[in-house]
Every structure is written in C-alpha cells, then in structure tokens.
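The residues of the chain are indexed from 1 along the displayed sequence.
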Amino acid sequence: MIARTAEPGPSGAAPSQPRRAAAWAGTAGTLVPGLLLCLGITVVAQGLQAGEEHLTGHPYVEALVLAILLGTAVRTAWVPGARFKAGIAFSAKQVLEVAVTLLGAAVSLGAIVASGSALLAGIVGAVALTILASCALCRALGLPVRMALLIACGNAICGNSAIAAVAPVIGADSRDVAAAIAFTAVLGVLMVLGLPLFVPLVGFSEHQYGVLAGLTVYAVPQVLAATVPVGPLATQVGTLVKLVRVLMLGPVVLALSLYASRLPASRATGKATPGSAQGSAKGSTKGSAASRPGFFKLVPWFILGFLALASLRSLGLIPDAWIAPISRLAGFLTIVSMAALGLGVDVRVLAQVGGRVTVAVTASLLVLLAIAILLIRGLGLG
C-alpha cells in the first residue's frame with residue numbers, strides 16, 4: 001500500500017507542524033542573500049571607521065554614514081538581483097525597527113533630572129523651535145513634507161540616527177532618507193572642524209561652548225571631537241547636553257507617529273503612509289470608524305518597545321552591565337539597515353534633488369545655530 005501525504009481537509013484545516021516549519025524555513029531562506037550582502041557592507045564600514053580612529057583618534061565619518069555610502073556605491077556599480085531584494089528590504093525596515101527599540105534601554109530619566117531645569121528647558125526649546133523652523137524653511141524651498149521632516153529632525157536631534165528613526169514612522173522613501181543622511185553627514189564633519197571658531201567670535205565661556213556643541217553637533221563622538229580642543233569642561237558639558245538632547249528622539253518620534261495619518265500620499269508608492277487613515281480603512285462602506293485607525297496602528301510597535309525599555313531602564317530593572325552591549329547591538333543593527341538603505345538608492349536620482357536639499361540642510365543648520373546661541377544668551381546658561 002502506498003502511503004499518501006496528508007492534505008488539508010475541506011474545512012481548510014491548518015497545515016501540519018512540519019509543513020509550517022518548512023514554510024518558515026523557506027521564508028527565512030529568501031532573506032539570507034540580501035542579509036549577507038548588508039552584513040558584508042557593514043563589516044567593511046566598521047573596518048573603515050576603525051581605521052579612521054587609529055589614524056586620527058576620532059571617527060569623523062562614522063560607520064553608519066560609510067555604510068550608506070558604500071551601499072550606494074555598490075548599487076551604482078551593480079544592481080542586486082531579485083534574490084537579494086527580500087533580505088535588503090527586511091534589513092531596511094524590520095532590522096531598523098529592532099534597533100530603534102533597543103535604543104530605549106540606554107535612556108534614563110535620571111539624566112534629565114540631574115541636568116537642571118534651565119538647561120532642560122533650553123534643550124527642549126531648541127529641539128522644538130528647530131523642528132518647526134526647519135520644516136517651514138524646507139517647505140518654503142519646495143521640498144516634500146517627508147523630506148522636510150527628515151531634515152528638521154536630523155538637525156534638531158541627532159543627525160543620522162534621528163533620520164533613521166523618523167523615516168519608517170512617516171513612510172519616507174529611500175531616496176529622501178539617503179539624501180538627508182548624505183548631506184547631513186557632510187555638514188556634521190564641517191561642524192566638528194568649524195565650531196571651535198565660535199569661541200572667539202561669540203565670546204562664549206568654556207561651559208557655554210559645551211552647551212552650544214551639545215545643542216548643535218549631531219553625534220556624541222563628533223561632540224567629543226568638537227569640544228576636546230576647547231577644554232575638559234566643554235567636553236563634559238557638551239556630552240551631557242548631547243545625551244539629554246538625544247532623549248528627545250522618543251517624544252518626537254512618538255508625536256510624529258500620531259501625526260503620520262495626516263501626511264499626503266507617499267511619493268514613492270502613491271499610497272497613504274502605513275497606519276494612516278487612508279491606509280487603514282478597508283472600504284468606504286465601513287463608515288467613519290474605518291477612517292480612524294486604532295492606537296496600535298498610529299503608534300508603531302517599535303516606538304512602544306522604545307518607551308517600554310526606557311521605562312525599565314529608569315526603574316533600574318535593566319542592569320547597568322547590559323547597557324553597553326545593548327547599545328552596541330542597536331548601533332550595529334542601525335548600520336546594517338543603512339547599508340540596506342544605500343543598496344536601494346540610485347545615485348542618479350539622488351543627484352537630481354541635491355541642490356535644494358543642500359540649501360535646505362545648510363539653512364536648517366544655521367537656524368539651529370542661531371536658536372542655540374539665542375537660548376544660551378537668553379537663559380544665561382554658563
């Protein structure tokens with residue numbers, strides 16, 4: 001007698017456990033080529049950053065930026081085939097969402113409390129005013145609303161990391177993200193080199209300069225590079241202000257996730273942003289209830305995860321010994337996702353939007369500098 005393979009009955013019963021496992025294995029297998037490609041670019045980017053640190057003592061161009069540049073270079077020279085697409089898309093979205101979630105483990109409310117009310121008010125004010133002013137400026141220059149939000153949040157909070165965190169929330173396409181990161185990266189290096197010149201120009205004390213650096217420079221390593229030449233007090237103050245400024249990423253991303261439903265259709269897809277009222281409605285016959293998405297549609301899971309880990313960290317439920325490994329993992333996953341992002345960028349398309357984006361990013365950074373200087377003077381910080 002020949003044994004027959006069991007088949008689902010007419011009732012549509014679920015497939016057997018072995019078949020389900022085989023299906024999962026098949027799905028995972030489609031991700032492997034693209035994941036390996038992104039991991040390879042990540043390893044090269046980290047190696048280049050290590051070389052920078054060995055030669056100069058500071059990573060002026062971080063692995064995150066190098067990964068997107070390398071990915072873009074690979075995409076320019078060679079278009080990955082169909083078997084790479086699933087893994088690249090997974091790295092650009094799901095891997096990035098996990099990285100954003102893990103960032104919450106490094107956030108502690110104690111750092112906010114210890115920084116003092118005046119300084120805290122200055123940081124919150126600088127971030128809020130910069131986002132609003134930069135968005136208005138970018139829109140006046142004719143940039144799409146998603147690009148305006150990316151540039152504004154990147155300049156106001158923490159450069160590339162903020163752009164990477166905001167992008168999936170507002171449904172930005174890879175061209176916008178790559179353009180914002182590329183030009184922000186260039187200005188980030190220029191800030192490190194040029195900001196110390198402000199000490200004699202504006203007559204700031206070492207403490208005030210530290211506040212200025214913390215409010216304007218994008219990444220923590222770049223803050224160190226911009227403040228070490230001025231003095232140890234500037235370095236300590238700048239690092240503290242920068243860390244507190246980074247904490248604004250959670251509230252800003254949460255607010256944007258609630259605002260995302262009001263954004264117009266995505267340029268890349270012609271569809272509403274995921275989680276928007278248009279995207280969540282299943283049909284006009286369901287009435288107004290269908291046009292208002294629920295809480296978990298408006299607030300992505302990784303934002304909830306970020307807030308949950310930040311709460312656990314603030315309550316002391318995440319051991320201090322875990323923070324550094326979690327932060328390193330989050331950083332590594334972010335680099336992987338940026339490599340994937342670069343692999344989705346056509347540099348010829350990027351060049352078409354370069355002029356206006358360059359003007360917008362530069363003007364937005366000048367706005368941030370002006371706001372920071374006015375707040376330092378007005379609040380008497382330092």
Closest approach of [X] to [Y] (non-hydrogen atoms, all atoms of both residues):
{"X": "Y209", "Y": "A226", "answer": "OH-O, 2.6 Å"}
{"X": "M147", "Y": "A179", "answer": "CE-CB, 3.7 Å"}
{"X": "R356", "Y": "L141", "answer": "CD-O, 3.5 Å"}
{"X": "A63", "Y": "Q49", "answer": "N-OE1, 2.5 Å"}
{"X": "R245", "Y": "A156", "answer": "NE-O, 3.0 Å"}
{"X": "L150", "Y": "I163", "answer": "O-CG1, 3.4 Å"}

With side-chain contact (heavy atoms from CB on, under 4.5 Å) as the criterion, how do F204 and V211 come out once you've worked through the C-alpha distance, each side chain's angles and the decisive distance to 0.1 Å? CA-CA 10 Å; F204 277 175; V211 175; over 6 Å; no
Could you give the distance from [atom1] ([X]) to [atom2] ([Y]), rounded to the nearest 0.5 Å?
{"X": "T72", "Y": "I68", "atom1": "OG1", "atom2": "CD1", "value": "5.5 Å"}
{"X": "L365", "Y": "I151", "atom1": "CG", "atom2": "CD1", "value": "11.5 Å"}
{"X": "R377", "Y": "Q208", "atom1": "CZ", "atom2": "CD", "value": "6.0 Å"}
{"X": "S91", "Y": "L37", "atom1": "OG", "atom2": "CG", "value": "9.0 Å"}
{"X": "L341", "Y": "T334", "atom1": "CG", "atom2": "OG1", "value": "12.0 Å"}
{"X": "L212", "Y": "S205", "atom1": "CG", "atom2": "OG", "value": "10.5 Å"}

Qualifying salt bridge (Lys or Arg N to Asp or Glu O under 4.0 Å) pairs with a residue from residues 185-205, counting only residues at least two apart or across chains: none
If a pair satisfies salt bridge (Lys or Arg N to Asp or Glu O under 4.0 Å) and one of its residues is in residues 232-244, list it, with sequence neighbours excluded. none
Step by step, work out the side-chain contact (heavy atoms from CB on, under 4.5 Å) result for F90 and K85. CA-CA 9 Å; F90 179 83; K85 290 184 177 179; over 6 Å; no
Who passes salt bridge (charged side-chain N to carboxylate O under 4.0 Å, His left out) against K93, sequence neighbours left out?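 Partners of K93 under the salt bridge (charged side-chain N to carboxylate O under 4.0 Å, His left out) test: E97.
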Spell out, yes or no, whether [X] and [Y] are grouped together once hydrophobic residues are joined by side-chain heavy atoms under 4.5 Å, including indirect joins.
{"X": "V43", "Y": "L36", "result": "no"}
{"X": "V217", "Y": "L197", "result": "no"}
{"X": "L312", "Y": "L249", "result": "yes"}
{"X": "V244", "Y": "V237", "result": "yes"}
{"X": "L366", "Y": "M191", "result": "yes"}

Can you sort out the partners of [X] under side-chain hydrogen bond (donor to acceptor under 3.5 Å, both in side chains), two or more places apart, ordered by chain and number?
{"X": "Y218", "answer": "N155"}
{"X": "S174", "answer": "none"}
{"X": "T101", "answer": "none"}

Criterion side-chain contact (heavy atoms from CB on, under 4.5 Å) on L215 and L368, from CA distance to verdict: CA-CA 8 Å; L215 285 175; L368 173 60; 5.5 Å; no
Set of residues satisfying side-chain contact (heavy atoms from CB on, under 4.5 Å) with respect to [X], sequence neighbours excluded:
{"X": "S134", "value": "T130, A152, S364"}
{"X": "A86", "value": "T30, L31"}
{"X": "A133", "value": "V367"}
{"X": "V252", "value": "V127, I131, C153, I157, L256"}

Testing L64, I41, I335 one by one against Q46 for a side chain to side chain contact (heavy atoms under 4.5 Å, CB included), which residue passes? I335
Quick one: which of T227, V230, V223 gives a side chain to side chain contact (heavy atoms under 4.5 Å, CB included) with T235?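 That would be T227.
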For residues 65-86, pull every pair meeting ring-ring contact (aromatic ring centres under 6.0 Å, His included), keeping only residues two or more places apart or in separate chains. W78-F84
Sidechain-backbone polar pair: R139 side chain, L143 backbone, donor-acceptor under 3.5 Å: yes
Is a side-chain N or O of R146 found less than 3.5 angstrom from the main chain of I170, in a donor-acceptor match?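 Yes.
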Under 4.5 Å between any side-chain heavy atoms of E52 and L66, yes or no? yes
Checking side-chain contact (heavy atoms from CB on, under 4.5 Å) for the pair L369/L195: CA distance, chi angles, key distance, verdict? CA-CA 10 Å; L369 275 170; L195 195 62; 4.0 Å; yes
Only distances under 3.5 Å count here; give the side-chain donor-acceptor pairs of residues 320-329 to other protein atoms, sequence neighbours excluded, each with its distance to 0.1 Å.
unit_1	atom_1	unit_2	atom_2	d
D320	OD1	R313	NH1	2.6
S327	OG	I323	O	2.9

